[in-house]
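This report refers to the structure that appears directly beneath it.
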Amino acid sequence: MMVLPRGVRHIPGHLDRDSQKALVEDIRAVVEAAPLFQPIMPRSGRPFSVKMTNCGPLGWVADRKGYRYQPHHPVTGRPWPPMPGRLMALWAELSGHDQPPEACLVNFYRDTARMGLHQDKDESDLGAPVLSVSLGDSCLFRVGQVAGPSPSKSFRLDSGDIVVLGGESRLVYHGVDRIYPDTSTLLKHGGRINLTLRRVNASD
Ligand code: MD3
Ligand code: FE
């Protein structure tokens with residue numbers, strides 16, 4: 001059995017095919033209201049290979065000015081669409097946290113997209129977990145063992161898998177090394193969607 005860092009909970013196949021399809025429809029509606037945008041790395045000015053959007057009261061954005069959460073879409077200026085009920089329910093079921101998620105970041109990966117090793121630390125509430133849902137093509141995912149850049153472990157995330165990143169693992173380095181094209185028939189045009197549900201502000 002694969003040993004993961006303490007606090008990382010991988011739940012393979014948590015969502016059945018129908019639940020995955022229903023979530024894809026929810027995300028389709030989110031993308032219609034809040035189109036995918038191309039985030040930019042503030043230091044280098046280079047675009048991410050992953051396209052993004054958000055739903056919920058807050059959304060994560062990246063541009064020349066930096067990384068932050070904000071209540072509106074960076075291109076349309078409109079508020080993010082509401083968090084779908086299905087995602088609220090998943091959070092209530094699996095997060096162990098009593099406050100609702102404030103942000104759902106939607107990452108869309110084409111065949112050659114990747115995400116370099118990084119920490120998630122733009123949230124001031126680091127006590128709350130991050131809940132991740134994978135949909136569509138599989139990927140090779142990498143996590144650090146501790147809150148440092150090495151050593152790391154790789155494992156595969158498939159459509160319908162959920163990962164809950166709790167207390168001790170909240171600041172581990174992690175990234176997506178590669179997408180495995182054509183490993184799922186869930187998305188008509190292929191690719192991978194990852195949803196991350198988060199608390200941003202410490203609960204008051
Ligand atoms: C958080 N996304 O959006 S999610 C991100 O598959 C991000 O799109 C990846 O990293 C993706 O910031 C991975 C799952 C994940 C795994 C380990 C973590 C999120 C994590 C460890 C600490 C905090
Ligand atoms: Fe991350």
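When a ligand or atom number is given, it counts from 1 through the structure's own listing order.
- The minimum distance between the Fe ion (ligand 2) and any N, O or S atom of D120 involves atom OD1.
- Between V61 and R68 the shortest side-chain heavy-atom distance falls below 4.5 Å.
- For the pair K121 and Q119, the minimum side-chain heavy-atom distance is below 4.5 Å.
- Each of the atoms 6 (O), 11 (C) of ligand 1 lies under 4.0 Å from some heavy atom of V176.
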Starting from the C-alpha separation in whole Å, work towards a yes-or-no answer on side-chain hydrogen bond (donor to acceptor under 3.5 Å, both in side chains) for D122 and W60. CA-CA 9 Å; D122 298 324; W60 188 84; 2.8 Å; yes
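- In terms of protein heavy-atom proximity, atom 18 (C) of ligand 1 is closest to L165 CG, 3.2 Å.
- In terms of polar-atom proximity, defined here as any N/O pair under 3.5 Å, H118 does make such a contact with ligand 1.
- For atom 16 (C) of ligand 1, the closest non-hydrogen atom of the protein is F141 CZ, 2.8 Å.
- Under a 4.0 Å criterion applied to the non-hydrogen atoms of S132, ligand 1 contributes the atoms 4 (S), 14 (C).
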Show the numbers, then the answer: is there a side-chain hydrogen bond (donor to acceptor under 3.5 Å, both in side chains) between E123 and Y69? CA-CA 8 Å; E123 302 79 21; Y69 284 90; 2.5 Å; yes
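- Checking only distances, R192 does come within under 3.5 Å of ligand 1, N or O to N or O.
- Around atom 8 (O) of ligand 1, the closest heavy atom drawn from F108, W60, Y109 belongs to Y109.
- Remark: minimum distance from atom 7 (C) of ligand 1 to any protein heavy atom is reached at M115 SD, 3.7 Å.
- At a 4.0 Å heavy-atom cut-off, ligand 1 does not touch Q119 at all.
- At a heavy-atom distance under 4.0 Å, only side-chain atoms of D120, from C-beta outward, approach ligand 1.
- Contacts between R142 and ligand 1 below 4.0 angstrom, taking non-hydrogen atoms only, are absent altogether.
- Ligand 1 does not have M52 within reach: every non-hydrogen atom of the residue lies 4.0 Å or more from it.
- At a 4.0 Å heavy-atom cut-off, ligand 1 does not touch V8 at all.
- With hydrogens and angles ignored, the 3.5 Å screen pairs no side-chain donor or acceptor of D161 with any backbone N or O of S134.
- The aromatic rings of W80 and H73 sit tilted relative to each other, their planes meeting at an angle between 30° and 60°.
- For H118 (side chain) and H174 (main-chain N/O), a donor-acceptor pair under 3.5 Å exists by modelled atom type.
- Listed by atom number, the atoms of ligand 1 under 4.0 Å from R170 heavy atoms are 22 (C), 23 (C).
- Under the 6.0 Å distance and 45° angle rule, R114 does not count as a cation-pi partner of Y109.
- Rounding to 10°, one obtains 90° for the angle at the Fe ion (ligand 2) between NE2 (H118) and NE2 (H174).
- A donor-acceptor contact shorter than 3.5 Å links the side chain of D137 to the backbone of G191.
- Electrostatic pairing of R198 and D120 counts as a salt bridge here, judged by a charged N lying under 4.0 Å from a carboxylate O.
- Within the listing of ligand 1, atoms 3 (O) sit less than 4.0 angstrom from a heavy atom of L105.
- Residue S169 has at least one heavy-atom neighbour below 4.0 Å for each of these atoms of ligand 1: 21 (C), 22 (C).
- With salt bridges taken as basic N to acidic carboxylate O contacts below 4.0 Å, one links R156 and D158.
- For N107, the closest heavy-atom approach to ligand 1 falls below 4.0 Å.
- Taking the side chain as every heavy atom from C-beta outward, L186 and R17 approach each other to under 4.5 Å.
- Protein heavy atom closest to atom 5 (C) of ligand 1, with residue, atom name and distance, is R198 NH2, 3.5 Å.
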